[in-house]
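The next block holds one structure in the form of structure tokens; read it before the comments.
Per chain, numbering begins at 1; letters A, B, ... match sequence-line order.
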Amino acid sequence: MLLLCSIIVSLSFGGANVPVSKVWSILLHHVPGISQLFDLRSPMEGVGDPDATIIMQVRLPRVVLAVLVGAALALAGAGFQGVLRNPLADPYTLGVATGSSVGAAFIILFGLQTWIGLWTVPAVSFATGLFTLFLVLRLAYYKGRMELETLILSGVVIQAFFGSMVSFMVSLSKSAVNEIVFWIMGSLSMRGWNYTLIVLPYVVVGAIVLISLSRELNLFSLGERQAMHLGVNVQRTKLIVLIVSTLMTAAAVSVSGVIGFVGLVVPHLVRLITGPDNRIVVPVSAIVGGIYVLWSDTIARMALNPKEIPLGVVTAFIGAPFFAYLLWKRKAKGGESRA
Amino acid sequence: MTDTMLEARQLDYRIGDAVILRSIDLRVEKGSFCGIIGPNGSGKSTLLKLLSGIEPPERGEIMLEGRPLDNYGRKEIARRMAVLQQEPLPSLGYTVKEVVEMGRFPYQSWFGGEKDDPGPIIDRVMAELDLQRLSSRIVTELSGGERQRTALAKTLVQQPSVLMLDEPTTFLDIGFQIQMMDYVRKWRQDNGLTVVAVLHDLNLAAQYCDRLIVLHQGRVAAEGTPEEVLTVDLVHRVYGTKPIVLSHPDTGVPQILLKGR
């Protein structure tokens, strides 16, 4: 419900002023039959209504994309946190998002988008994202153990490296400045329906897989060995969750650049309210993630209207202090956990 | 009535070049309370890892109810065997009831449902271990003893035929140690459970186990009833200190007093 309201409200904010009631009427007009998209106007409007075009062709795809990207990142965050048993893990802190953007930037800047069809960009960014994850985990593992801080540090190192690669590649292209900002800070501007359609299947499949593994994720919180004793196939579950989370990250990054901290903040917020049970946390995170990115994007395009702030700036502005808070909270109770 | 629950034949295990276990043979009968004792580094915990299927042995075979352990799926093992670890439950945001319910995982279908209602068994275990009062408390708020009791409840809810204990009393003071072992013993008597326990405390082992297996430098150094095993000679040979061995005034089982040089 909240998601729906947010969508409507967000739709009505924008450079061109369209009242909420009109947004409703335009939307409702389109609900009964999707086929009657543009020839039929709603009865109360005049012919060639520009507002309807703005809503349906500019704002709605952007809003839907924001929701999908948010859901993908939040699900990925919940997945990473669950399976790595690390509250600070998320696509951004693990460097997976930046890693994915290397692949996407490479493909786009060298004009290879249609190399293997429509899915080229997500596929390649998935490959580089997975490679990044592998590197980070490799760097963080020491004698079979993985300290929480080491993991994040490894993420930062790898992320810095790949981030510079993205910047370098973008510098080679003509439209440099804007593109760099896009890849490093994330943005949802000027994305039509076809981008939305690229992300949708990843989010749907990812959500189904993670929800079906949510009981296993609960058992992971007892420790990997205990999960094994309870009958979880630990290695397989871990692999599936890591791959699916990376896949969703890659899909999101390939259309929106690197949007930080969504996967970190959202699952934690949800846990604060619903408790730690992943059977609830995972699906609710998807919804809240959608709302979160939608509002962030609305702020991004409205705050300095008509100029846009990169979306990643907004999410980081909220997310980074939250990250600091989590670190601090962990330090505060660190002494007690071994007692 | 000499059915074998768990059997190991000629187990070898190495980590790198270090031999941890060598030619281990053992047989645990159904319904028995079997203790595995031995000094630090003798391979006790490794043996438990192998027996519970966490690590495969390098050589040798483990049979659970007459069938090779590696023939079982993970969930199949979890329906027959539960393991209580030494480490207390981590600091979790789950309630006691939620943690206990996790023990039903091996019985749940893909959607999380069960054929029969698990409510009665969960209630019974909670009642037996005096956890009802704590049922909706969060794990982080519990004391060490309460946490370990919650962990035990979770393993019992698995309705295992074999319960493995890996030094379950390490982090508990003596009151909770006895309480813990009493709970295990009672559940075993009422439900025909087989218990395999790695124990550090020889006196505790002598009081609760009907058979003891002594590990020393990766081999079985002795095996038998507590009376047969816990002798001055053996303790001296294995632990390198000469104790005084007495009979427990109530039960007659051997008890050990330490003496300095």
(request) Could you grab the distance from atom CD1 of B/Ile54 to atom CD of A/Glu224, nearest 0.5 Å is fine? (result) 10.0 Å
(request) Check each atom of B/Pro106 against the heavy atoms of chain A and say whether the ones under 4.5 Å are side chain, backbone, both or neither. (result) both
(request) Check whether any side-chain heavy atom of A/Asn218 sits under 4.5 Å from a side-chain heavy atom of B/Phe105, and report yes or no. (result) no
(request) Please state whether the side chain, the backbone, both or neither of A/Val232 comes within less than 4.5 Å of a heavy atom of chain B. (result) both
(request) Under 4.5 Å, counting heavy-atom pairs only, tell me which of B/Leu92, B/Leu84, B/Leu89 racks up the most with chain A. (result) B/Leu92
(request) Determine the minimum heavy-atom distance between B/Tyr94 and A/Ser221, stating which atoms define it. (result) CE1-OG, 3.4 Å
(message) What I'd like to find out is whether the side chain of A/Asn233 reaches to under 4.5 Å of the side chain of B/Lys75, using heavy atoms alone.
(response) no
(message) Restricting to non-hydrogen atoms, name the atom on A/Leu230 and the atom on B/Gly103 that form the minimum distance, rounded to 0.1 Å.
(response) CD2-CA, 3.8 Å
(message) Rounded to the nearest 0.5 Å, what separates atom CZ in A/Arg236 from atom CZ in B/Arg74?
(response) 12.0 Å
(request) Might you confirm whether atom CG of A/Leu272 has over 12 heavy atoms from other residues, nucleotides or ligands at distances under 6.0 Å? (result) yes
(request) Could you check which of A/Ile211, A/Val234, A/Leu219 has the highest count of heavy-atom pairs closer than 4.5 Å to chain B? (result) A/Leu219
(request) Quick one: which of B/Met164, B/Met81, B/Lys154 has the most heavy-atom pairs under 4.5 Å with chain A, could you say? (result) B/Lys154
(message) Less than 4.5 Å to any heavy atom of chain A: does that hold for the side chain of B/Ile77, its backbone, both, or neither?
(response) neither
(request) Would you mind checking which part of A/Arg271 comes under 4.5 Å of any heavy atom in chain B, side chain (CB onward), backbone (N, CA, C, O), both or neither? (result) neither
(request) Using a cut-off of 6.0 Å, state whether more than 12 heavy atoms not belonging to A/Phe322 lie near its atom CZ. (result) yes
(request) Identify the two heavy atoms, one from B/Ser52 and one from A/His229, that lie closest to each other, and give their separation to 0.1 Å. (result) OG-CE1, 3.4 Å
(request) Pick whichever of B/Glu98, B/Arg79, B/Gln108 has the most heavy-atom pairs under 4.5 Å with chain A. (result) B/Gln108
(request) Answer whether the closest heavy-atom distance between the side chains of B/Glu87 and A/Gln226 falls below 4.5 Å. (result) no
